[in-house]
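Notes to accompany the following structure.
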Number of protein chains: 2
Amino acid sequence: MELYVERGFEQTTVAEIAQRAGLTARTFFRYFADKREVLFAGSAILEEHLIAALESTPASASPMEAVAAALDAAATMLGQRREFSRRRQSVIAANAELRERELIKMASLSGALAAGLRRRGVADSDASLAAEAGIAVFRVAFERWVGEPTDRGLATIMRESLEQLKALTAAS
Amino acid sequence: MELYVERGFEQTTVAEIAQRAGLTARTFFRYFADKREVLFAGSAILEEHLIAALESTPASASPMEAVAAALDAAATMLGQRREFSRRRQSVIAANAELRERELIKMASLSGALAAGLRRRGVADSDASLAAEAGIAVFRVAFERWVGEPTDRGLATIMRESLEQLKALTAAS
DNA sequence: AGGGTCATGTCATCAAGTGACATCACGTCC
DNA sequence: GGACGTGATGTCACTTGATGACATGACCCT
């Protein structure tokens, strides 16, 4: 991240990253599949937490309620370290390849969420839709949280956005 | 697409593509920014149609109604050529880089949609949420349409999925 | 005939990945 | 303590994607 912030993602070579870490480029590629992946090391853990939260909601909860619980978990996980998130996000926003990578991580989250819902007996189509909608909320809320001047709390913004989506679809 | 279907995306080099087209690799890169882009040439046109449809809905329509109209336009555009869509989709599904590219095209659609909504006076946050939700529906419906054994019509499935989302959020 | 523009080709170069093999530090076992 | 296996790292060679610089040739306009 240091180098990506200093001179931008494209302008830094893997050799430079490796050098700063006291390693060889070859070794870098043994830890990260590619130059982008190094910024997304945490996403697997995030996914685990999301799923754990989903699984621990009572079986009586509706699909969207379960998704909301998962989003809460995500919020508490990311909610700390806003400064870090902002810097990271500004690096990602500045480069198309990184944005692509982020999107596929989100898609993976969505897929995991949908699978989790199916495991609770939610119908296939409901599961994918609820998961996609949940991730849409996540995305919008996260972006808002990172962009706002004062920290209102990611969880709050998530809940707010979810309510907003509810209102929007109801009004159609 | 021929080559991507024949031997897979990774296994075909740009040199081969260029050769089959009777060109040089250098020339290929003058038409397409990269090896992936060649599969997404149509997405700019799709975006235009979506926005055109959005703009031509009455100002009285709610955000989600306007989005629904845009989705209808997308459906009539893609609704023909299901066979083509299936082959293309199977190529994309088989490769992570292509999936990434598709996701960013979707994100671009979402951004354009949100911008269109804002132009109609919809509040910022409502606009992004409605757009994201719309794209989520698009994604799920398209996937379903491509995967189904018989062609029920993309537009029908889109409407159906939108209703489903409405029901899901209402039940939370 | 001359000049301008556009598409293409050629060449050189860089950086991202990847496979094959060597090396070195370590812990284990006899 | 020395032989041995294992895992992490380095070195080297190579392919491919991508880009810049320059040349060439077709076409059109005056």
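Sequence lines set the chain letters: A, B, ... in the order given, protein chains first and strands last, and positions in each chain run from 1.
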Nucleotides bounding contact with chain A, strand DNA chain D, heavy-atom threshold 4.0 Å:
dA8(D) to dT11(D)

Carefully, step by step, assess E83(B) and R87(B) under the rule salt bridge (Lys or Arg N to Asp or Glu O under 4.0 Å).
CA-CA 6 Å; E83(B) 244 347 280; R87(B) 273 195 309 151; 5.7 Å; no

Rounded to whole angstroms, how far apart are CD on E10(A) and P on dA16(C)?
10 Å

Residues touching DNA chain C, which here means a heavy atom under 4.0 Å, drawn from residues 32-40 of chain A:
A33(A), D34(A), K35(A), R36(A)

Filtered N/O pairs between nucleotides 6-8 of chain C and protein, under 3.5 Å:
from	atom 1	to	atom 2	distance (Å)
dT8(C)	OP2	Y31(B)	OH	2.2

Could you walk me through whether Y4(B) and I17(B) pass side-chain contact (heavy atoms from CB on, under 4.5 Å), step by step?
CA-CA 9 Å; Y4(B) 290 169; I17(B) 301 174; 3.3 Å; yes

Is there a donor-acceptor contact under 3.5 Å linking the side chains of S108(B) and E47(B)?
yes

Between R152(A) and E148(A), is there a side-chain N and carboxylate O pair less than 4.0 Å apart?
yes

Taking the six-membered ring of F9(B), is NZ or CZ of R36(B) closer than 6.0 Å to its centre and within 45° of its axis?
no

Run the salt-bridge test on E37(B) and K105(B) with the 4.0 Å N-O cut-off and return the result as yes or no.
yes

Nearest-Å distance for atom pair CZ/P, residues R26(A) and dC21(C):
14 Å

Assess the side chains of E102(A) and Q89(A): does a donor N or O sit below 3.5 Å from an acceptor N or O?
yes

Go through E55(B) and R120(B) one step at a time and tell me if the salt bridge (Lys or Arg N to Asp or Glu O under 4.0 Å) criterion holds.
CA-CA 8 Å; E55(B) 315 244 272; R120(B) 317 173 106 239; over 6 Å; no

Does a side-chain N-to-carboxylate-O contact under 4.0 Å join E6(A) and R20(A)?
yes

In whole Å, what is the span from the CD atom of Q19(A) to the C1' atom of dA16(C)?
17 Å

note: F28(A), atom CZ; dG17(C), atom C1'; distance rounded to Å ~ 11 Å

If we only count heavy atoms from C-beta on, is the F138(A) to S161(A) side-chain gap below 4.5 Å?
no

